[in-house]
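In this text, all values refer to a predicted model and were calculated from it rather than measured experimentally.
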Protein chains: 2
Amino acid sequence: MPADILIATEAELRAALPLDLAAIDCVESAFAALAGDGVVMPPVLSMALPAVNGEVDVKTAYLPGFEGFAIKVSPGFFDNPGLGLPSLNGLMLLFSARTGVAQAVFLDNGYLTDLRTAAAGAVAARHLAPRDVRTAGVLGTGAQARLQMQAAHLVRPFERVLVWGRDPERAAACARDIAAATGATADVAEDIPTLMAQSQLVVTTTPSEQPLIRAEWLHPGVHITAMGSDQQGKTEVAPEALAAADLYVADRVSQCAVMGELRGARAAGLMTGDPPELGQIVTGQAAGRQSADAVTVCDLTGTGAQDTAIATRALAAMRQTRGGTTISA
Amino acid sequence: MPADILIATEAELRAALPLDLAAIDCVESAFAALAGDGVVMPPVLSMALPAVNGEVDVKTAYLPGFEGFAIKVSPGFFDNPGLGLPSLNGLMLLFSARTGVAQAVFLDNGYLTDLRTAAAGAVAARHLAPRDVRTAGVLGTGAQARLQMQAAHLVRPFERVLVWGRDPERAAACARDIAAATGATADVAEDIPTLMAQSQLVVTTTPSEQPLIRAEWLHPGVHITAMGSDQQGKTEVAPEALAAADLYVADRVSQCAVMGELRGARAAGLMTGDPPELGQIVTGQAAGRQSADAVTVCDLTGTGAQDTAIATRALAAMRQTRGGTTISA
């Protein structure tokens, strides 16, 4: 009894599923589900391949109320640039949550991950940033720097963006792209304290192994989303800054304690107790920003729940546009 | 920079990749690799979904010398028969072991697993069964009962098959199918002692939770391959029978100790020390059958290494037949 399985390429997915408010709402619903009962999100299957300087991660999550569950395979092979190939690849599979039958194969080369990661930043901004953001700052000059600002602009239509990166030319190119995508003015910030002082919303998108944001640069009414750290050894926000914030929010406490900013702050003895999760803020189970002057921090490590939400949406979008290739197997 | 990815269906894979000596040799090479250095085979990612009476397993293994590594997704949704669907589904992905780039998606509905499981039985028979097998016996009447006899017949061309199952009609149907596939005579055995007494090679393929084969039924020159048990709580061979054998061989000791026959025998205090693995017998690192009269047992739980081997072979076979659908993504 063959089933129809949709195969979609990166180009098809980019066309059918742009970074828009609907994508942000979709990822917000994943966080809401994470705050409820019945979520099953096993630990990541991680296979290190030192012989070929590579690693492979497999993530999945079952969310009640979603018709499908995603399984995401993310290979990273770090000798690839020498072969003219990107280090990171990957694809996502979607299965029916009722029958386990495969529904779709998204040959997205990581696009859906980029999308759901940027959308999570916008969910954090929507619920935690001050209502009035005139200037947004971004640390880092890669794809997520661009996408995070584009996503945040949809929920906080700021007039100006400041970009900081170690390489000024890359920072300038990033600023140009952000200006083109958002319509905001975008400039390169000379240093991080300058960017911090002028921004009401700051997103960190770097693979830094040393904290970039210090406690003394926090100011009333700033929100920081740290999304760069996704493994032990990475950190972007100093433990003292995390502790000094009025509110710290994790995407998933169990993950942030291992591979997010929370890890360092707990190791330094500066954070005790269980902080709220973003999903609890979304659903009103925990309080978000309490005043315009509060300092808030959101720690995003990336969850299988976001993959399940975006893959479910991708299938709906591809069906609507009648895109992709259907294979009867 | 789009890459070409091959998509193949179950029907295409069945046509390109039959159960033959080449498939057996392929799986034998996986066992040989398992006995060497550099294998990376992480624990299975297992997601239980009690809300929908389902479970999902993800297996993978990296084998030095193989051009690709497989990731296999095996959903089991046990309310499916009520919907007219099979309980078990699944697909296999193949990635380049050098770059991590996706090479193939095998929408095989479990066919490649059936194939590599039957082939592993033949590898066990080739290295452990007595040279002269006139009668082979099989416990169980499902797809693996048929495939195990078909595979074993390629390495031990027995004249007669005895089939035992709890349901005599299903056993008769199974015997007819085996006779048609192998050309051997095939009969239903009245009971297990009768089957044991007349067979030189016995394969157990059931999901039994109580031992089916007792120690007193062992006789000189019999080989047993137990492939039904693949999780805690299943068992087909009594601990005393395992202990009474002259040689017990595991496909992977670490797995058999958790979900194979070895588990019960160790729990009963009847097996100590580390038994040899099938790959060590294949490569000559450990001794196999020592005489025509020896009693041998092989415990197969199924390994990601077999998946990687069969998926690598599947890609080669599909390329040779120019079958499947190629998608540039």
Worksheet item: Considering residues, nucleotides and ligands other than B/Glu67, do more than 12 of their heavy atoms fall under 6.0 Å from its CD?
Response: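 At most 12 heavy atoms, drawn from other residues, nucleotides or ligands, come within 6.0 Å of this atom.
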Discussion item. Can you tell me if A/Asp37 has over 12 outside heavy atoms packed within less than 6.0 Å of its CG?
Written reply: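 Incorrect, the count does not exceed 12.
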Worksheet item: Among A/Ala61, A/Ala97, A/Ala51, which has the most heavy-atom pairs under 4.5 Å with chain B?
Response: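 Of the candidates given, the most pairs with chain B belong to A/Ala97.
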Discussion item. As an exercise: rank A/Leu107, A/Thr9, A/Thr99 by heavy-atom pairs under 4.5 Å with chain B and give me the winner.
Written reply: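 The candidate making the most pairs under 4.5 Å is A/Thr99.
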Check whether [X] gets within reach of chain A through its side chain, its backbone, both or neither, counting any heavy atom under 4.5 Å.
X: B/Ser87; result: neither
X: B/Pro50; result: neither
X: B/Ser96; result: backbone
X: B/Ala102; result: side chain
X: B/Ala48; result: backbone
X: B/Ile5; result: side chain

Chain B contact via [X] - which portion, at a heavy-atom distance below 4.5 Å:
X: A/Val58; answer: both
X: A/Thr325; answer: side chain
X: A/Pro43; answer: backbone

Heavy-atom side-chain proximity of [X] to [Y] below 4.5 angstrom:
X: B/Val52; Y: A/Tyr62; value: yes
X: B/Val73; Y: A/Leu93; value: yes
X: B/Val56; Y: A/Phe69; value: yes

Discussion item. Shorter than 4.5 Å, heavy atoms on both sides: which option in B/Ile7, B/Val44, B/Asp79 has the most such pairs with chain A?
Written reply: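 Winner by heavy-atom pair count: B/Ile7.
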Non-hydrogen atoms of [X] and [Y] that approach each other most closely:
X: A/Asn80; Y: B/Arg98; result: OD1-O, 4.0 Å
X: A/Pro42; Y: B/Ser46; result: CB-O, 4.4 Å
X: B/Pro75; Y: A/Gly100; result: CG-O, 3.3 Å

